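A quick write-up on the structure given underneath.
Values in this document were obtained by computation on a predicted structure and should not be read as measured data. Protein chains get the first letters and strands the later ones, always in sequence-line order, with residue 1 at the start of each.
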Amino acid sequence: MALNSKDNAETLILLLNRSGQGDRAAFAALYQATSAKLFGLALRILHRRDLAEEAIQDVYVKIWHHAPSYRADKAAVMTWMTTITRNRCLDLLRSLPPEHGLNEEQSFDEWASDDLGPLEKATSNSEARALLQCMKQLAPLQRQAIALSYFQGMAHEQLARQLVQPIGTVKTWIRRGLQVLRSCMGAL
Amino acid sequence: MRYDKPELRDMLAAKYALGTLRGAARLRFEHLVLQREDWQNCTDWWLMRVSLLADTVVAVKPASSVWRDIDRRLFPAYSRTRQWWRTLALGFSAVSALLLVLLINPALNPLQPPAQQTQTSGIHIALLADTSAQPGWLLTLSQLQRQSQELRVASLPGLQVQADKAYELWLLPADQSAPVSIGLLPQQGKASLSIKPELAAQLLTGALAVSVEPPGGSPSGQPTGAVLYQGKIGVI
């Protein structure tokens with residue numbers, strides 16, 4: 001089931017609210033509906049299956065405990081759960097010893113490619129497809145810098161090393177990139 | 001810094017959402033967001049947009065051991081027997097049935113003032129799950145109105161698809177009388193079933209079951225195949 005339509009978003013709100021009231025069947029349904037995408041995200045960040053599984057367990061335990069405090073007027077369920085997943089994965093990534101070399105193993109060339117087709121193919125949500133359209137307005141390396149920040153939690157210094165650019169250049173890329181995204185997505 | 005400039009607010013919120021805002025600047029930002037609603041809204045806007053990046057990853061189904069471990073961590077006592085679903089389903093049914101009786105029959109409810117008799121609060125929903133607790137459909141009943149009612153049905157990803165067969169939804173009335181067909185359930189996507197007024201009250205007190213039937217539904221008007229899913233309407 002693609003989680004894109006308004007009805008699906010409402011279904012997720014129902015399931016999360018019921019989970020918050022202690023309904024385990026609703027929680028199981030929520031897991032069924034969302035875990036594949038969030039596990040995909042955990043794998044993208046952590047690269048290793050065992051680490052991603054550990055992260056996703058922590059994430060759903062946290063979702064269960066924090067479900068009562070979820071507020072539908074502030075964020076969509078997928079946004080809320082995605083943020084929890086990303087934060088947990090980045091924490092785990094940072095806690096690994098440096099010699100782990102996970103950052104170096106990960107390639108983000110697909111974001112630097114002129115063809116964003118493979119990314120669009122994996123995308124289930126129409127709003128995310130709109131974001132990809134906006135990303136096409138950025139230069140390839142600018143896209144890559146933004147993807148590295150999001151998926152690897154890289155700070156400006158690390159980005160500069162990874163992309164072999166002066167730090168000032170990387171900062172400018174990101175700032176201008178975000179400005180372009182702001183006006184592009186704000187106009188949608 | 002002049003914090004009233006929208007461009008500054010916007011750029012800080014964007015960097016915060018992306019994660020490139022670090023250290024003292026991040027802490028300062030978090031402090032400001034707590035105090036100002038416009039900053040909060042702007043940050044929510046960016047968090048939602050930036051999170052869309054996550055949707056570009058390929059979905060990968062986790063191994064079934066992952067769910068087992070989550071289950072064990074959250075409910076250690078129940079998981080040992082692996083029977084908690086049934087206990088829970090029964091418990092929930094009993095509690096929600098009681099709630100429903102009180103809701104639809106306010107005369108019996110000491111807490112409900114008579115003036116509110118015409119109002120039925122809450123949303124009526126049911127999860128239909130199989131014996132291994134895998135949910136197949138989520139049902140939502142439109143708010144009680146005197147006339148027509150509508151049951152909206154959404155199939156869930158864990159549903160076992162039956163090729164060349166149909167899933168038929170039955171109402172099992174609380175008075176133990178014969179099952180009444182409500183309609184066929186979709187094997188993917190959503191559907192909407194209209195409920196006859198005379199069934200409406202029974203729908204809330206009775207149980208729901210789903211049987212496997214030939215395409216087009218049961219030829220006899222009674223369930224002919226295996227009952228794979230069950231549930232009960234409750235109020236949230």
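Nearest heavy-atom pair, A:Leu178 versus B:Trp46, reported as atom, atom and distance to 0.1 Å: O-CH2, 3.4 Å. Nearest heavy-atom pair across A:Thr82 and B:Ser51 is CG2-O, 3.9 Å. Heavy atoms only, all atoms of each residue included: B:Thr20 and A:Met154 are closest at CG2-O, 4.1 Å. The two residues A:Arg18 and B:Ile125 make their nearest non-hydrogen contact at NH1-CG1, 2.8 Å. Nearest heavy atoms, A:Phe151 versus B:Leu53: CZ-O, 3.4 Å. Scanning all heavy atoms of the two residues, the minimum distance from A:Phe39 to B:Lys61 falls at CD2-C, 4.1 Å.
Your options are B:Val57, B:Asp55, B:Leu74, and the one with the most heavy-atom pairs under 4.5 Å with chain A is B:Asp55. Among A:Leu181, A:Leu41, A:Leu116, the residue with the largest count of heavy-atom pairs under 4.5 Å with chain B is A:Leu41. Ranked by heavy-atom pairs under 4.5 Å with chain B, the list A:Leu159, A:Leu38, A:Asp58, A:Thr85 is led by A:Asp58. The choice from A:Arg175, A:Lys121, A:His65, A:Gln179 that makes the most heavy-atom pairs within less than 4.5 Å of chain B is A:Arg175. Contacts with chain A were tallied for B:Thr140, B:Val50, B:Leu47; B:Val50 has the most, counting heavy-atom pairs under 4.5 Å. Per-residue heavy-atom pair counts under 4.5 Å with chain A were compared for B:Pro135, B:Ala54, B:Gly136, B:Ala14, and the maximum is reached by B:Ala54.
Between A:Glu110 and B:Thr56, the closest side-chain pair of non-hydrogen atoms is not below 4.5 Å. Side-chain contact between B:Trp45 and A:Met185 is present, with heavy atoms from C-beta onward closer than 4.5 Å. For the pair B:Gln40 and A:Lys74, the minimum side-chain heavy-atom distance is below 4.5 Å. Put simply, the side chain of B:Asp69 does not reach to within 4.5 Å of the side chain of A:Glu54, judged on heavy atoms.
Atom CD of B:Glu30 has more than 12 neighbouring heavy atoms from other residues, nucleotides or ligands inside a 6.0 Å radius. Atom CD of B:Gln35 has more than 12 heavy atoms from other residues, nucleotides or ligands within 6.0 Å. For A:Arg49, the CZ atom sits in a packed shell: over 12 heavy atoms of surrounding residues, nucleotides or ligands are nearer than 6.0 Å.
Residue contact with chain A, scored on non-hydrogen atoms closer than 4.5 Å, involves the backbone and the side chain of B:Leu18 alike. With a 4.5 Å cut-off on non-hydrogen atoms, A:Ala76 does not touch chain B at all. For A:Ile56, the parts lying under 4.5 angstrom from a heavy atom of chain B are both the backbone and the side chain. When heavy atoms are compared at a cutoff of 4.5 Å, A:Ala29 approaches chain B by way of both its backbone and its side chain. The contact between B:Ala63 and chain A is made by backbone and side chain atoms together, counting heavy-atom distances below 4.5 Å. Using a 4.5 Å cut-off between heavy atoms, B:Arg22 contacts chain A through its side chain alone, with no backbone atom that close. Only the side chain of B:Asp10 comes within contact range of chain A, judged by heavy atoms closer than 4.5 Å. Interface residue A:Leu15: only side-chain heavy atoms are found under 4.5 Å from chain B. Of the atoms belonging to A:Leu132, it is side-chain heavy atoms, and not backbone ones, that fall under 4.5 Å from chain B.
Separation of atoms CE (A:Met135) and CG (B:Leu52) is listed at 11.0 Å; rounding is to 0.5 Å. Between B:Phe75 atom CZ and A:Trp64 atom CH2 the span is 4.0 Å, to the nearest 0.5 Å. Separating the CG atom in B:Leu127 from the CZ atom in A:Phe27 is a distance of 13.5 Å, to the nearest 0.5 Å. Here the straight-line distance linking atom NE2 of A:His156 with atom NZ of B:Lys15 works out to 5.5 Å at 0.5 Å rounding.
For residues 159-166 of chain B, heavy-atom neighbours of chain A at less than 4.5 Å comprise no residues at all.
Residue pairs meeting the ring pair (Phe, Tyr, Trp, His ring centres under 6.0 Å) criterion with at least one partner in residues 114-139 of chain A, sequence neighbours excluded, do not occur; the list is empty.
Using the six-membered ring where Trp is involved, A:Tyr31 and B:Trp67 have ring planes that are tilted, between 30° and 60° apart.
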